Each structure stands twice: as C-alpha cells, then as structure tokens.
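Worth saying up front: this structure is predicted, and the values here are computed from it rather than measured.
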Amino acid sequence: MSSRPNKMQPPAKRVRLSREQRRRQLLDLAWHLVREEGSDALTLPRLSQEAAVAKPVVYDHFGTRNGLLIALYRDFDARQTEMIDAALAGSGPTLEDRARVIATSYVDCVLAQGREMPGVLAALAGSPELEAVKRDYQLAFIEKCRRALAAFVGRRGIEPAGFWAMLGAANALSDAASTREITAEQAQDELFETIVAMIERSHP
C-alpha cells in the first residue's frame, strides 16, 4: 500500500511587534519573573532570554536594570490611576460614595499586584530616580483626592498634612492586607473611615 509523501509545512511567519507591543510584552514577562522568582532574578539579560529577543532590544527599551524596575513602578502607577479614575467616574455623589471608591480601588490595586510590587520597591531602595517618580505619583494622587472630595470640605479646610496622613494610611493598610496581617475588607473599611474623619474635621 503506497502512502502519499508528507508535504513539508512552511515555517510559521514571525510576527513583528511594534515598539509599544514589544515594551508591553517585556513588562509582562518582567512581572512574571518577579512573581515566580523574586526581584533578584530580574536582570536585562534574563529578560531578553525569556522574551527570546536579542539583548540590545531589552537595553534599548530600559537602558539599565534600574530603568526596568522604574518602568515596572510606572506601569503599576498607571494601572492604579486608571482603576481609581474609572471608579470615581462611576461613583455616587455623596461623601460616603467618594470615600468608599477611593479606599476600595486603592487597596484592590495593591492587592492585584500581589507580592511583586514590594520586591520591585526593595530592589530600588535608595534610588534617586525612584524617589522622584514616587513623589510625582504621590502628589498626583493627593491632588486627585483633593478634587474628588472638594465639595465636602468644610470652612476649616484640609491642610496638606491631612492628605499626606491619608496617603500614609492607604499605603500601610494596603501593605498589611497584602501580607495578610489584616483582610482586604478591614483595610478598605479603615481607609474609608480615615477619609471620612479627615473631611469631618474640616467642619467647625
């Protein structure tokens, strides 16, 4: 019985990614490496290996390991900002609505990143670049909250220290929830109460 020879299949055509698509791929792979192996495993040569691209491609996107880590921090900030903006856009008109949205979305975004973000921050400890990026984000977040809560502030107003205290509480509670010292609901509830109390103190 004769058999027909198998025809050779043409090699799969390699899809060329745009620069933005390649950057997104590299960031996603970097997050995966940090999640699975910790931030110590994250180097530019290792990332190029995981992405199956030449090392110069990765260096062109990030420059240095610190550049990659800062890109991850910016990526986290962008997703957190997007989540909070969307939640505020769909929130109700009351103080309780706004405070609940800020508290819930902040904690949820930190928890969604799992243990990766603390590893990135630890790897960047002492980095002047990170401090500048963090400060820009902190100021933007405080201004976002100031605008979202402006309609409820009383005649006494709220000093900058009040908003910095709120941000400190948000970070501490989210970190405690991520390490399971407290539940996500407890973190959200306590942050909600902190925001409401800050507003209430502004009324004579």
Side-chain angles (χ1 to χ4, degrees), residues 31 34-35 38-39 69-127 129-204:
W31 282 122
V34 175
R35 184 181 311 116
S39 59
L69 292 166
I70 288 171
L72 290 176
Y73 184 86
R74 289 185 184 277
D75 189 50
F76 169 76
D77 281 352
R79 280 183 281 110
Q80 188 174 52
T81 297
E82 183 179 353
M83 181 182 289
I84 293 174
D85 285 348
L88 284 171
S91 73
T94 69
L95 167 60
E96 288 72 18
D97 292 329
R98 295 292 176 88
R100 179 61 64 184
V101 157
I102 293 170
T104 300
S105 55
Y106 195 100
V107 174
D108 281 350
C109 190
V110 173
L111 294 184
Q113 201 56 61
R115 66 183 181 86
E116 299 98 291
M117 199 60 221
V120 170
L121 291 173
L124 277 167
S127 163
E129 301 101 319
L130 175 63
E131 291 306 314
V133 171
K134 280 177 65 177
R135 176 53 60 94
D136 287 345
Y137 166 72
Q138 290 168 335
L139 292 173
F141 177 76
I142 286 174
E143 182 58 29
K144 187 189 306 293
C145 292
R146 191 192 306 278
R147 291 196 305 268
L149 300 169
F152 312 106
V153 176
R155 285 187 295 130
R156 288 179 181 170
I158 299 175
E159 295 294 329
F163 284 102
W164 282 103
M166 179 200 70
L167 178 57
N171 287 328
L173 290 165
S174 297
D175 288 347
S178 69
T179 57
R180 299 185 180 179
E181 299 292 330
I182 60 176
T183 67
E185 291 76 16
Q186 288 171 328
Q188 291 163 353
D189 289 346
E190 189 64 30
L191 183 53
F192 167 83
E193 296 293 344
T194 298
I195 295 169
V196 171
M198 178 181 70
I199 298 295
E200 289 177 345
R201 287 196 301 272
S202 73
H203 292 270

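Note that the CD1 atom of Ile142 and the CD atom of Gln138 stand 7.0 Å from one another [nearest 0.5 Å]. Ile199 CD1 to Arg156 CZ: the interatomic distance, rounded to the nearest 0.5 Å, is 13.5 Å. Summarising the geometry, atom CG belonging to Leu167 is positioned 9.5 Å from atom CG belonging to Leu139; distances are rounded to the nearest 0.5 Å. Atom-to-atom distance recorded for Gln186:CD and Glu181:CD is 11.0 Å, nearest 0.5 angstrom. The CD1 atom of Ile70 sits 4.5 Å away from atom OG of Ser127, with the distance rounded to the nearest 0.5 Å.
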Going by atom type alone, with no hydrogens or angles, which donor-acceptor pairs under 3.5 Å involve a side-chain atom of residues 91-102 and a protein atom two or more places apart or on another chain?
{"unit_1": "Ser91", "atom_1": "OG", "unit_2": "Leu88", "atom_2": "O", "d": "3.0"}
{"unit_1": "Ser91", "atom_1": "OG", "unit_2": "Arg98", "atom_2": "NE", "d": "3.1"}
{"unit_1": "Thr94", "atom_1": "OG1", "unit_2": "Asp97", "atom_2": "N", "d": "3.0"}
{"unit_1": "Thr94", "atom_1": "OG1", "unit_2": "Asp97", "atom_2": "OD2", "d": "2.9"}
{"unit_1": "Asp97", "atom_1": "OD2", "unit_2": "Thr94", "atom_2": "N", "d": "3.2"}
{"unit_1": "Arg98", "atom_1": "NH1", "unit_2": "Ala148", "atom_2": "O", "d": "2.8"}
{"unit_1": "Arg100", "atom_1": "NH1", "unit_2": "Asp189", "atom_2": "OD1", "d": "2.9"}

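Annotation: side-chain hydrogen bond (donor to acceptor under 3.5 Å, both in side chains) contacts of Glu193 (sequence neighbours excluded): none. Listed by chain and number, the residues in a side chain to side chain contact (heavy atoms under 4.5 Å, CB included) with Asp136 amount to none (sequence neighbours excluded). With sequence neighbours excluded, no residue satisfies salt bridge (Lys or Arg N to Asp or Glu O under 4.0 Å) with Arg74.
Here the closest heavy-atom approach between residue Ser39 and residue Ala123 is recorded as OG-CB, 4.0 Å. Across Cys145 and Met166, no two heavy atoms sit closer than the pair SG-CE, 3.6 Å. Taking all atoms of both residues into account, the shortest heavy-atom contact from Gly157 to Ser202 is O-CB, 3.4 Å. Counting all heavy atoms, side chain and backbone alike, Trp31 lies closest to Leu72 at CZ2-O, 3.2 Å. Residue Ser174 comes nearest to Leu111 through the heavy atom pair O-CD2, 4.2 Å, listed as atom of the first residue, atom of the second, then distance.
Shown here is Glu159, whose CD atom has no more than 12 heavy atoms of other residues, nucleotides or ligands within 6.0 Å.
In this structure the side chain of Ile182 never reaches within 4.5 angstrom of the side chain of Glu190, judged on heavy atoms. Considering only heavy atoms from C-beta on, Gln188 comes within 4.5 Å of Asp108 through its side chain. Within the 4.5 Å cutoff, no side-chain heavy atoms of Asn171 are placed close to those of Val110.
The ring pair (Phe, Tyr, Trp, His ring centres under 6.0 Å) pairs that include a residue from residues 76-113 are Tyr106-Phe141, where partners are two or more places apart or lie in different chains. The ring pair (Phe, Tyr, Trp, His ring centres under 6.0 Å) pairs that include a residue from residues 147-189 number zero, where partners must be two or more places apart or lie in different chains.
Judged by distance alone, the side chain of Thr179 and the main-chain N or O of Asp175 form a donor-acceptor pair under 3.5 Å.
Electrostatic pairing of Glu143 and Arg146 counts as a salt bridge here, judged by a charged N lying under 4.0 Å from a carboxylate O.
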